[in-house]
Structures are given as C-alpha cells and as structure tokens.
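What follows is a set of notes on a single structure, which appears directly below.
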Amino acid sequence: MFYELRQYEAPPGRMPVMIQRFAEVTTRLFERHGFHPVGYWTEDVGTPHRLVYMLAWETWEKREASWAAFYADPEWPQSLETYGHTVERITNSILKPLPFSPLP
C-alpha cells in the first residue's frame, strides 16, 4: 500500500468554491471510480487557501485506472464549467510508509 498526498491552492477568494466542488462532486466521483480517501483538510497554520487530501492505493495499476476513469467521466468537465477556476496550483507526492509507521 502507498499513499498519495495532494495539495490544491485556490486563487484569492475561491477557497469556499473549491471546497464546495470537492464536497458536491469530487468526493462522489472518487467513490464512483474506486478511490480510497484517507481524509481532507484545510490549513489553520500555513497556507490559508490550500485544500489537502490523501488517498490510499493498493497498486500502481489501480491508481492509474482510477485516475483515468475519473478524468474520462463526463461529470468531471461539467463540474469545471459549473464551478469555474478553483485551483491555481497542485502539488502531488507519493508516500511509502516506513515499516514502523502506525498506518495499515
């Protein structure tokens, strides 16, 4: 198992809309396409316009297939049109737990 840590920075004033898009569309698409979210967060200290989330993956093949299905889903581009520009910068990290990590 490995983890994907993604950080999305919103343009000024667009953080509430980005959170709304995640709550109303993105999380549903993740469920539809076999994603396993660990959690979603905003920062109290750090970058105030950043949404952070983590996904758990069993294999690279499952990750690739799920992301491909997500981007091919017709609801995804529709949501981008509906909510407009909500993401200015994305940072993505793939994390491998160390043997002594308390994560499963």
Side-chain angles (χ1 to χ4, degrees):
M1 174 148 314
F2 63 94
Y3 298 86
E4 184 169 3
L5 179 68
R6 297 179 67 95
Q7 300 177 45
Y8 287 34
E9 292 183 22
R14 298 291 290 165
M15 186 66 169
V17 178
M18 181 169 56
I19 291 171
Q20 182 181 6
R21 179 176 57 87
F22 264 81
E24 294 176 354
V25 179
T26 306
T27 55
R28 186 176 64 251
L29 292 176
F30 281 0
E31 183 177 334
R32 182 181 302 159
H33 298 296
F35 288 66
H36 299 286
V38 175
Y40 301 89
W41 302 270
T42 57
E43 295 185 28
D44 279 345
V45 176
T47 305
H49 57 280
R50 185 182 297 164
L51 182 146
V52 178
Y53 67 98
M54 182 178 282
L55 304 168
W57 297 106
E58 295 174 8
T59 67
W60 281 100
E61 295 78 15
K62 177 63 178 160
R63 177 186 177 271
E64 290 174 8
S66 291
W67 276 115
F70 174 88
Y71 286 122
D73 192 307
E75 192 173 353
W76 175 241
Q78 290 171 357
S79 76
L80 297 178
E81 290 179 22
T82 300
Y83 293 92
H85 181 64
T86 60
V87 179
E88 197 154 80
R89 181 172 180 241
I90 298 173
T91 304
N92 188 35
S93 300
I94 301 296
L95 307 172
K96 179 180 172 185
L98 291 168
F100 52 85
S101 175
L103 297 171

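Crowding of Glu31 atom CD: a count of heavy atoms from other residues, nucleotides or ligands under 6.0 Å not exceeding 12. Around the CD atom of Glu24, the shell of radius 6.0 Å holds more than 12 heavy atoms that belong to other residues, nucleotides or ligands.
Cluster annotation: Val38 is not connected to Leu98 through the hydrophobic network of ILVMFWY side chains, with a link wherever side-chain heavy atoms come within less than 4.5 Å. Val52 is not connected to Trp57 by any chain of hydrophobic side-chain contacts under 4.5 Å among Ile, Leu, Val, Met, Phe, Trp and Tyr, and they are in different clusters. The hydrophobic cluster containing Tyr53 does not contain Tyr3, counting ILVMFWY residues as joined when their side-chain heavy atoms lie under 4.5 angstrom apart, directly or transitively. Leu95 and Met1 end up in the same hydrophobic cluster when Ile, Leu, Val, Met, Phe, Trp and Tyr side chains are linked at under 4.5 Å. The cluster map of Ile, Leu, Val, Met, Phe, Trp and Tyr, joined by side-chain heavy atoms under 4.5 Å apart, puts Val25 and Tyr71 in the same cluster.
Looking only at side-chain heavy atoms (C-beta outward), Gln7 and Leu5 come within less than 4.5 Å of each other. Thr26 is listed as a side-chain neighbour of Trp76, based on a closest heavy-atom distance under 4.5 Å.
If you take CD on Glu9 and CD on Glu88, they are separated by 8.0 Å, rounding to the nearest 0.5 Å. The OH atom of Tyr8 lies 16.0 Å from the OG1 atom of Thr47; values are rounded to the nearest 0.5 Å. Taking CE from Met18 and CE from Met15, the interatomic distance works out to 4.5 Å, rounded to the nearest 0.5 Å. Taken to the nearest 0.5 Å, the CE atom of Met54 stands 9.0 Å off from the OG atom of Ser93.
Between Trp60 and Phe2, the ring-plane angle classifies as parallel under the 30° and 60° cut-offs. Taking the six-membered ring where tryptophan is involved, the planes of Phe30 and Phe35 are essentially parallel, since the angle between them stays under 30° and well short of 60°.
Of all the heavy atoms in Ala10 and Arg14, the pair that sits closest is CB-C, 4.0 Å. The minimum heavy-atom distance between His85 and Pro11, with the atom names listed, is CD2-CG, 3.3 Å. Annotation for Gly13 and Pro16: closest pair O-CD, 3.9 Å, computed over non-hydrogen atoms.
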Side chain to side chain contact (heavy atoms under 4.5 Å, CB included) between Val87 and Arg21: does it pass, once the steps are laid out?
CA-CA 11 Å; Val87 179; Arg21 179 176 57 87; 3.3 Å; yes

Output, in order, the C-alpha distance, side-chain angles, deciding distance and verdict of side chain to side chain contact (heavy atoms under 4.5 Å, CB included) for Trp67 and Leu55.
CA-CA 11 Å; Trp67 276 115; Leu55 304 168; 3.9 Å; yes

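In this structure Tyr83 satisfies the ring-ring contact (aromatic ring centres under 6.0 Å, His included) test with no other residue, sequence neighbours excluded.
Applying the side chain to side chain donor-acceptor pair (under 3.5 Å) definition to pairs two or more places apart or across chains, those involving residues 35-44 are Glu43-Arg50.
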